[in-house]
K.L.:
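Could you have a look at this structure, given as C-alpha cells, before my questions?
The analysis underlying the following values was restricted to heavy atoms, covering all of them including side chains, and did not include hydrogens, waters or symmetry mates.
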Amino acid sequence: MKFLTETLILGVGALLALLGAAFAKDDLFQAHAWVLFFVLLGSTILLMRKVEVVASNAPPPDTSGYMDGVIRYGVIATLFWGIVGFLVGVIIATQLAFPIANIEPWFNFGRMRPLHTSAVIFAFGGNALIATSFFVVQRTSRARLFGGDLAWFVFWGYQLFIIMAATGYLLGSTQSREYAEPEWYVDIWLTIVWVAYLVVFMGTIVRRKEPHIYVANWFYLSFIITVAMLHIVNNLAVPASFLGAKSFSLFSGVQDALTQWWYGHNAVGFFLTAGFLGMMYYFVPKQIQRPVYSYRLSIVHFWGLIFLYIWAGPHHLHYTALPDWAQTLGMVFSIMLWMPSWGGMINGLMTLSGAWDKLRTDPIIRMMMISIAFYGMSTFEGPLMAIKSVNSLSHYTDWTIGHVHSGALGWNGMITFASLYYLVPVLWKRERLYSLRLVNWHLWLATLGIVVYASVMWVSGITQGLMWREYDSQGYLVYSFAETVAALHPYYVLRTLGGLMYLSGALIMVYNIYKTIRGDIREEAPMGAPAQAVPAE
C-alpha cells in the first residue's frame, strides 16, 4: 500500500509525543511535546487520506528524470518562511522603537529576536540552500537524487525542526546560544535530518554521469559537512532529564564562549557564505548565459575561503577573558579572508564581462549583481570590524547589526530571490515569469530598504560607541545608558521603515511567483525598451 509505512511512522511518533507530554519532568518539555503531538497527528491524518492500494501488476514509478517535486516544495517553503522571518524582523524593530509593542510573555523582544534570526537564517536560508542544492547537483551531475524518498524526508524533517525550534523560542525553551538556541532534543533531530541531507547530496555526486564535479557542488558540499561538524560540537550537552527540556553544555567559561563563536562565525562562513556561493556559481552564469569568468579563480576562492574562515571566530571575543593570542589569531585570519572573498566577488561580477548591456533589460541579473556587490562590501567591512582598535568602538553596538543585515539581506536575500526567479519558470515549465516589471519593483524596494536599514544602523552604532566611551574630567561616564537609548530612537524608527520596504518587496515577489505558477503572463513593455519619441508641438 502506498504511503502506509510513512503513515505508521508518523502515527507512532504522535503516540510517543503524547507519552512525552504525559510523563514530562517540566512544563516546558510538556508544552513542546504537545506541540509535537499535534503537528504529527495532523500530518498523520493528512497522509492517511493519501494511502491507497497499489495493484501488484502496476508499473513502477518513473525514476528516469530529475526529482523536481521536492524542489518545488522547497521553493514554496523558502518564500513562506522568508515572509515570516521578515515580518518578525519588522515586529521586533517596532518593539525596539516603541517598547509598548512588547507583549508578555510569549511575544516580547527576548523571545521574538531569536525567532527572527532563525527564521531568516535557517528557515528561509536553509530551505533555499536545500532546494537549490538539490536542483544544482542533479543538473551538474546529470543524475537523479540519490536515496529515493530520502530527499522528501530531508524536506519534511527540516520543516519539523523549524516548527519545533520556533515554538521553543516562544515558549522560552532555549539554550540561549547565539544561532543555536534549540534545546538538546531538537538538536538531535536536526542532526538526523542533516546526515540524511549529506547522504542524498553525496550519493548523487557519487552516482554522477558527468566526470567533472562543478565548483558550485564543492561549495554546497563544504557547507553541508562543516555545518554538521559545527552543530554537533557546539551543541554537545548533557540533558538534566530524558523527559525534561533543560540541558547543560559540556563546555564552560572561556571554552564555552570560544566554542560558541567558533560555531557562530563559521555558521556565517559556511551556512551564509559557502552555501550561497554555490548558488552564485550556478545561477549567475545560467541567467547571464555565459561561463563563469575564471574557473581557476573559483577554485582559489574555494580553498582560500575553506582554509581561512574556520579560524576567524575569536574576533567576536576581543577584550574578553579569551587569551590575547587567540584574539589576535582571529583578527589576523579575518583580515586575510578579505582576499579570497573579493576574489569570489570579482569572479561573480566579471562573469557579466561582455554582456553588461543585459543589466538594462534583465532585472534578475541586476539583482544578482547587487547581491554580489553586497557580498563584497560585507566581506570588506567584516575584516575591518575584526581589527581590535575598530572593534573597541563597534562591538556591542548597532554597527554590528547594520553589518549583519547588509550581508544577510543584501547578499543572502538578494541572491536567493534572483535564484528563485530563475528556478520557478524552469520547475513549473512556464514560458517566463508573470512580470519582469514586478521583479524591478522588488529589486528597488529591497535595495532601498537595505540601504536605509544599514545606513541608520551605522550612524546609530557609531553614536552608541562614542557616547559609551565619553568621560568627563573626573573620569565618570558623561551619558547614562538610558540617555544613549533615547538618542537612538529616530534611528530605530527609520530602521523599521527600511525593514518594511524589504518586506514589501518580498510580498511583491510572492504575488509574482504565485501568478507565474498559475501560468499567467502580464502584458508589459520589455525592460530597457527605448521610450517612443513624441513629436514636438
K.L.:
Taking the side chain from Q175 and the backbone from P182, do they hold a donor-acceptor pair closer than 3.5 Å?
P.N.:
yes
K.L.:
Is the distance between the ring centroids of F283 and Y422 less than 6.0 Å?
P.N.:
yes
K.L.:
With a sphere of 6.0 Å drawn around CZ of F307, does it hold more than 12 non-hydrogen atoms of other residues, nucleotides or ligands?
P.N.:
no
K.L.:
Evaluate the salt bridge (charged side-chain N to carboxylate O under 4.0 Å, His left out) criterion for residues D187 and R177: first the C-alpha distance (whole Å), next the side-chain angles of each, then the deciding distance (0.1 Å), finally the verdict.
P.N.:
CA-CA 12 Å; D187 287 333; R177 301 174 74 84; over 6 Å; no
K.L.:
Taking the side chain from N127 and the backbone from A123, do they hold a donor-acceptor pair closer than 3.5 Å?
P.N.:
yes
K.L.:
Using ring centroids (six-membered ring only for Trp), state whether Y263 and Y179 fall under 6.0 Å.
P.N.:
no
K.L.:
Would you call S341 and Y375 a side-chain contact if the rule is heavy atoms closer than 4.5 Å?
P.N.:
yes
K.L.:
Donor-acceptor check, side chain of T484 to backbone of Q464, threshold 3.5 angstrom: yes or no?
P.N.:
no
K.L.:
Using modelled atom types and a 3.5 Å cut-off, is there a donor and acceptor pairing between side-chain atoms of N108 and backbone atoms of R111?
P.N.:
yes
K.L.:
Taking the side chain from H395 and the backbone from H318, do they hold a donor-acceptor pair closer than 3.5 Å?
P.N.:
no
K.L.:
Is there a donor-acceptor pair closer than 3.5 Å between any side-chain N or O of W261 and the backbone N or O of H315?
P.N.:
no
K.L.:
Just so I know, are the side chains of F380 and M377 near enough to count as touching, which here means a heavy-atom distance under 4.5 Å?
P.N.:
no
K.L.:
Could you check whether atom CE of M336 has more than 12 heavy atoms from other residues, nucleotides or ligands sitting under 6.0 Å from it?
P.N.:
yes
K.L.:
Look at the side chain of N512 and the backbone N and O of L438, then say whether any donor-acceptor pair between them is shorter than 3.5 Å.
P.N.:
no
K.L.:
How about D256: does its CG atom have over 12 heavy atoms from other parts shown lying under 6.0 Å from it?
P.N.:
yes
K.L.:
With under 30° as parallel and over 60° as perpendicular, where do the rings of H301 and Y281 fit, or are they tilted in between?
P.N.:
tilted
K.L.:
Look only at the side chain of N347 and the backbone of G343, and say whether a donor-acceptor pair between them is shorter than 3.5 Å.
P.N.:
no
K.L.:
Donor-acceptor pair, N235 side chain versus I232 backbone, under 3.5 Å?
P.N.:
no
K.L.:
Is a donor on one side and an acceptor on the other found under 3.5 Å between the side chain of R495 and the backbone of Y453?
P.N.:
no
